[in-house]
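Letters go in sequence order (proteins before strands), and every chain restarts at 1.
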Protein chains: 2
Amino acid sequence: MAMSGIRALQKEKTRRQLIDAALGQLSSERSFSSLSLREVAKEAGLAPTSFYRHFSDMDELGLTLVDEAGLTLRQLMRQARQRIEKGGSVIQISVLTFMEFIENNGNIFRLLLRERSGTSAAFRAAVNREIRYFTLELCDYLQQANKLDAEVAYLQANAAVTIVFSAGSDALDCDKKDLKELALRTIKQLRFIARGAFEFGLRNDVRVEARKKSKVESK
Amino acid sequence: MAMSGIRALQKEKTRRQLIDAALGQLSSERSFSSLSLREVAKEAGLAPTSFYRHFSDMDELGLTLVDEAGLTLRQLMRQARQRIEKGGSVIQISVLTFMEFIENNGNIFRLLLRERSGTSAAFRAAVNREIRYFTLELCDYLQQANKLDAEVAYLQANAAVTIVFSAGSDALDCDKKDLKELALRTIKQLRFIARGAFEFGLRNDVRVEARKKSKVESK
DNA sequence: TAAAATAGCGTACATCTGTACACTGAAATT
DNA sequence: AATTTCAGTGTACAGATGTACGCTATTTTA
């Protein structure tokens, strides 16, 4: 990684150039799978065959991009938590943070969305892994902060992430002025889910309590 | 459409062959955008250049496929309504119907998922239009059956469709035995949403009532 | 200092792509 | 019956693609 030596240093530099070239070519009308090895190499200022000194495949480059995207997402979550500690609604701040992410990293988010339902099982697995991390951290938070049943917390986290990602997808095709409304709607939907989860979690507790009591009484 | 005449009849027949050839080549590792005009023509038993007698573009064929997929989806909804009239939970039956759809039409559903976040604005618009129909019909149903506020009903319908589509996406990469659990989890999530929407809808009603009262009282 | 390793280049090739063009035979029109 | 229309064919071409192979120049190792 931090290998010094003029050679290894230069190698990592051009490797980055390849990664950045690929990222730079992504757009709303250009998906990763539509990029050719030659295009990426050219954009990076390399001869086509030099590509192989860094990746054996376009797929290998792609998986690297997905990893980077996941990393960016997790950094984002840390930012969100910092904001929450300064006070404010968890749901509201999470949504706003996510929307900012999409404004600043539209193409990375597009990459995740597309490869999630793409043609490579490896890609799909990689994206889903990143989303799972994302979900599990939210799940932990919910379980701890709201004292929810583990299953209920997971279901809520999963549903919330789904809703937020879908809203993000809509945001990509949205006029900037409609973004505010979209965020507000998303927040309301998340509140529905939170409320519903809370009620169900509660009922389970009540049942457990009731069962305990009846056990005691039947002794 | 129903034009007879030996010629027009034959034309429609080979047009269908093209459509079916395209649909037939879709799979988990083959997306529409990765199909070539030549492949599709070959699969349909046509010379490459004959393709142009029916579609000016692969894009035109693709949009036709999206329309067909939307049609299939709406037929599905009708089936679901029939089942509901025979009794049973709306949510449960809707989810089960959707899961059946995916088992029987995996590749059509994949088409929708992929083109929804694809590289063609026209495709994205077409898919979103189909999903909007789907959502609005559910919205009407909720508004009428549960007497919900229009906005709340829409938010619930939108969230529910998002959750169900996402579950469908998961179902595509799922072992068959895990499908049952996935369906159960999805049903619970939809109940969260329904419950939350109900509570919020209620609160709005209460507020409205309260405002009416206070108006009356202040007279 | 001599030898080995290697990032990057240029050439070359087989394969696939969309599509332009001229042609044919059968159906439709007159 | 004569003419027009048109779905489908076959050939042809220019461009793009992945990648095998051999070469060079510079860094690294011995």
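We find the CZ-CG distance between A:Phe192 and B:Leu155 to be 5.0 Å, quoted to the nearest 0.5 Å.
Listed by first then second residue, pairs satisfying salt bridge (charged side-chain N to carboxylate O under 4.0 Å, His left out) with a partner in residues 178-190 of chain A read A:Lys188-B:Glu151, not counting sequence neighbours.
Between the base of D:dT19 and the side chain of A:Arg38 there is a donor-acceptor pair shorter than 3.5 Å. Taking 3.5 Å as the limit, the base of C:dT6 and the side chain of A:Arg7 contain a donor-acceptor pair of atoms between them.
Rounded to whole Å, atom P of D:dT19 lies 15 Å from atom CD of A:Glu39. Nucleotide D:dC6 holds its P atom 17 Å from the CG atom of B:Leu9, rounded to whole Å. Between A:Gln10 atom CD and D:dT27 atom C1' there is a gap of 12 Å when expressed in whole angstrom units. To the nearest angstrom, C1' of C:dA7 lies 12 Å from CG of A:Leu18.
Near DNA chain C, meaning a heavy atom under 4.0 Å away, the residues from residues 46-62 of chain A are A:Leu46, A:Ala47, A:Thr49, A:Ser50, A:Arg53, A:His54.
Taking the six-membered ring for Trp and thresholds of 30 and 60 degrees, A:Phe109 and A:Phe165 have ring planes inclined between 30 and 60 degrees apart.
Looking only at side-chain heavy atoms (C-beta outward), A:Leu35 and A:Leu61 stay at 4.5 Å or farther from each other. Taking 4.5 Å as the limit, every side-chain heavy atom of B:Leu23 sits out of range of all side-chain heavy atoms of B:Asn107.
Among A:Arg124, A:Arg116, A:Arg74, the one residue that satisfies the salt bridge (Lys or Arg N to Asp or Glu O under 4.0 Å) test with A:Glu130 is A:Arg74.
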